Amino acid sequence: MIPAHVPDKPPLTYADSFDVPVLFRDRPAKNPRRQLRTAKHKPWAGMGGFPATNGWYVSTTTWREIIKAAIEVGRDVTPHLRNQPQYAHGELVARVSPLYAYLGMHPVKPRHPVRGTTDRRLTLNPVYEYGTERSAKNAAAYRLGMTMAEWACRSLLGLGQTEHLEFGGPIPALRNTFKNPKNRLPDLWGQHQAEGLCWLIEAKGGDVGLSKLREGWEQLAAGSKVLGSYAHRTVLVGASVRPGDDLFLTIDHDLHPRRAPRTPAGFDIDDESAVGPGGLEDRLADSDDALIGAARAQMLTYLALRSAAFSQLRTVLIPADSASRHRRSGLITPLESDDLTRALRAEARTEANYYADRRTLRTRLRSMGLDDFLTCRILGTGVHLGMSRQLFAACERLHEEDLAIAQRIPGLRAEDQLADDQELGDDAQEEQRFTERRILREREEEARPRLHFLLRQAYVQGATREWSDLLHRPEEPELDLAGDEGLLEAATPETYLTVSRYDLPPARAWL
């Protein structure tokens, strides 16, 4: 049981930011846990690319940034939710709840302090340390590994949107090899525009020792063998943490400087991701491929918003020009530090006193340079998610087209789906669903030229549509003008995310 000296009640509020030590090196080696305590760390410079030298670094990030990574990484399950969108809430809970359940935050006193850091780090909490069984620990390790790999590659290293490798990888001619579910291949791939390279990424989490890292390195080697002469980078991210220790990352990498990588099917490397963090959402105005990619990346959030009870929906005010917001350091802009957002919201509250009609007020707010993003709380978590009306309109159209594509494929139509496949073993069920996802994704890629026009039209028209129209309801959702001091808000160009100050990882007060 949890020892009696562990306090039962944490403080009421916690700091959102914390430090993550990161070790870069060019191959897996022994777990450097002792080095973590003694090595001199360099401050992370926010370079949006690979550091010039290996060694220890430390980056300060926020819980919001980690949650953002958690909800966007991994397998795209939305094809399975096309007829039951309300279950998107359950998938989002599954992605973030292990982090809330098992992580804590504690103060540290580094031997070599780094200016600008918080001297707080993540660790495992007493629930994990004393009361969690092995199978639950394994599941938590998987989720932690995937989340921190996504955070490191996108927020620190400037990689574009990641995709699960099971859909075929970056080279069209090699898709069938990458799609073989029996191959032990890496988890993710993505395009890094600044480097002009494809990355293969493998994630490991938990008590990551040398044997686990070697296993991941072998998976990357298998993926690298498939790519052959195409220039690429392999990246192994180990999110290592044990009870009583700080969470830190090892990033083992190997550059394969051969032929220049060819363009993935349907993508232009210049359009696939933008230089620096953010990627797809920074290019929606001038890239149809980026618009499709962003809509797919946010489909889980769209389904959650679309299926939420109307009483749970709110709209929040965000500066319409994302470039005018305080420059982000990763994927998100924390809004509590954004002076423009605070000033415009204060002006909006004044304007609300003069407009009784909410539609007229919204028109006035748009003329002031404000947009209202639709949001809802993901029940069972302290997280609120949302998006702009333009991205919502694009997601709506993409979802409609995906439904129509599935309806035209025998075996994937709702009436063809067997309600009971318990006679199939786990492996057989997984292979069957893998095949279904692959067929659907192939048909979606064939429809890409048509989707370019349809999603662009929806995105442009979405700027002037009312939320009541987008939600197919007679009334508008409530406009939140008061705000909530208990929430820590963040935004990207087209999405919104908040966490509750009262649900952040508690400090281990007994240390």
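Since the structure is predicted, the reported quantities are computational estimates derived from the model, not experimental observations. Computed from heavy atoms alone, side chains included, the values below leave out hydrogens, waters and symmetry copies.
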> Return the set of residues passing salt bridge (charged side-chain N to carboxylate O under 4.0 Å, His left out) with Glu485 (not counting sequence neighbours), or none when no residue passes.
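Counting only residues at least two positions away or on another chain, Glu485 forms no salt bridge (charged side-chain N to carboxylate O under 4.0 Å, His left out).
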> Evaluate Trp44 against Phe24 for ring pair (Phe, Tyr, Trp, His ring centres under 6.0 Å), listing each step before the verdict.
CA-CA 12 Å; Trp44 181 259; Phe24 289 89; 5.8 Å; yes
> With respect to Asp372, which candidate in Arg345, Arg362, Arg314 satisfies the salt bridge (charged side-chain N to carboxylate O under 4.0 Å, His left out) definition?
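Testing each of Arg345, Arg362, Arg314 against Asp372, the sole residue satisfying salt bridge (charged side-chain N to carboxylate O under 4.0 Å, His left out) is Arg362.
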> Does any non-hydrogen side-chain atom of Leu300 lie less than 4.5 Å from one of Val77?
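A side-chain contact exists here, since the closest heavy-atom pair is under 4.5 Å.
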> What class does the angle between the rings of Tyr128 and Tyr102 fall in, given that below 30° is parallel, 30 to 60° is tilted and above 60° is perpendicular?
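Answer is perpendicular, since the angle exceeds 60°.
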> Could you label the plane-to-plane angle of the His192 and Trp199 rings as parallel, tilted or perpendicular, counting under 30° as parallel and over 60° as perpendicular?
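Aromatic pair His192/Trp199 classed parallel.
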> Partners of Lys42 by side-chain hydrogen bond (donor to acceptor under 3.5 Å, both in side chains), sequence neighbours excluded?
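For Lys42 the side-chain hydrogen bond (donor to acceptor under 3.5 Å, both in side chains) partners, ignoring immediate neighbours, are Thr53.
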> Against the six-membered ring of Phe373, is Arg389 placed for a cation-pi contact (under 6.0 Å from the centre, within 45° of the normal)?
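No, cation not above the ring by the 6.0 Å, 45° rule.
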> For residues Leu374 and Leu313, determine if any side-chain heavy atom of one lies less than 4.5 Å from a side-chain heavy atom of the other.
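They are in contact (side-chain heavy atoms under 4.5 Å apart), so the answer is yes.
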> Taking C-beta and beyond as the side chain, do Leu385 and Ile378 meet within less than 4.5 Å on heavy atoms?
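In contact.
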> Supply the atom-to-atom distance Gln191 CD to Leu159 CG, rounded to the nearest 0.5 angstrom.
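Going from CD on Gln191 over to CG on Leu159, the span is 8.5 Å.
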> Applying the salt bridge (charged side-chain N to carboxylate O under 4.0 Å, His left out) criterion to Arg296, which one of Glu445, Glu444, Glu163 satisfies it?
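Per the salt bridge (charged side-chain N to carboxylate O under 4.0 Å, His left out) rule, the option paired with Arg296 is Glu444, out of Glu445, Glu444, Glu163.
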> Is the backbone N or O of Ala69 less than 3.5 Å from a side-chain atom of Thr147, with the two atoms forming a donor-acceptor pair by type?
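Not a single qualifying donor-acceptor pair exists.
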> Is there side-chain contact between Leu504 and Asp16, with heavy atoms separated by less than 4.5 Å?
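In contact.
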> With a 4.5 Å cut-off on side-chain heavy atoms, are Phe392 and Leu471 touching?
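Yes, close enough: below the 4.5 Å cut-off.
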> Within the 3.5 Å criterion, strictly below it, is a donor on Asp246 or Thr123 matched to an acceptor on the partner's side chain?
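Side-chain D/A pair, Asp246 to Thr123: absent.
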> Among Arg448, Arg450, Arg408, find the residue that satisfies the salt bridge (charged side-chain N to carboxylate O under 4.0 Å, His left out) test when tested with Glu401.
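That would be Arg450; it is the only one of Arg448, Arg450, Arg408 passing the salt bridge (charged side-chain N to carboxylate O under 4.0 Å, His left out) with Glu401.
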> Less than 4.5 Å apart, side chain to side chain, heavy atoms only: is that true for His384 and Arg377?
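In short, these two side chains touch, coming nearer than 4.5 Å.
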> For residues Thr162 and Trp189, determine if any side-chain heavy atom of one lies less than 4.5 Å from a side-chain heavy atom of the other.
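They are not in contact (no side-chain heavy atoms under 4.5 Å apart), so the answer is no.
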> My understanding is that only residues two or more places apart in sequence, or in another chain, count here; which of them pass side-chain hydrogen bond (donor to acceptor under 3.5 Å, both in side chains) with Asn353?
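If we apply the side-chain hydrogen bond (donor to acceptor under 3.5 Å, both in side chains) test to Asn353, skipping adjacent residues, there are no hits.
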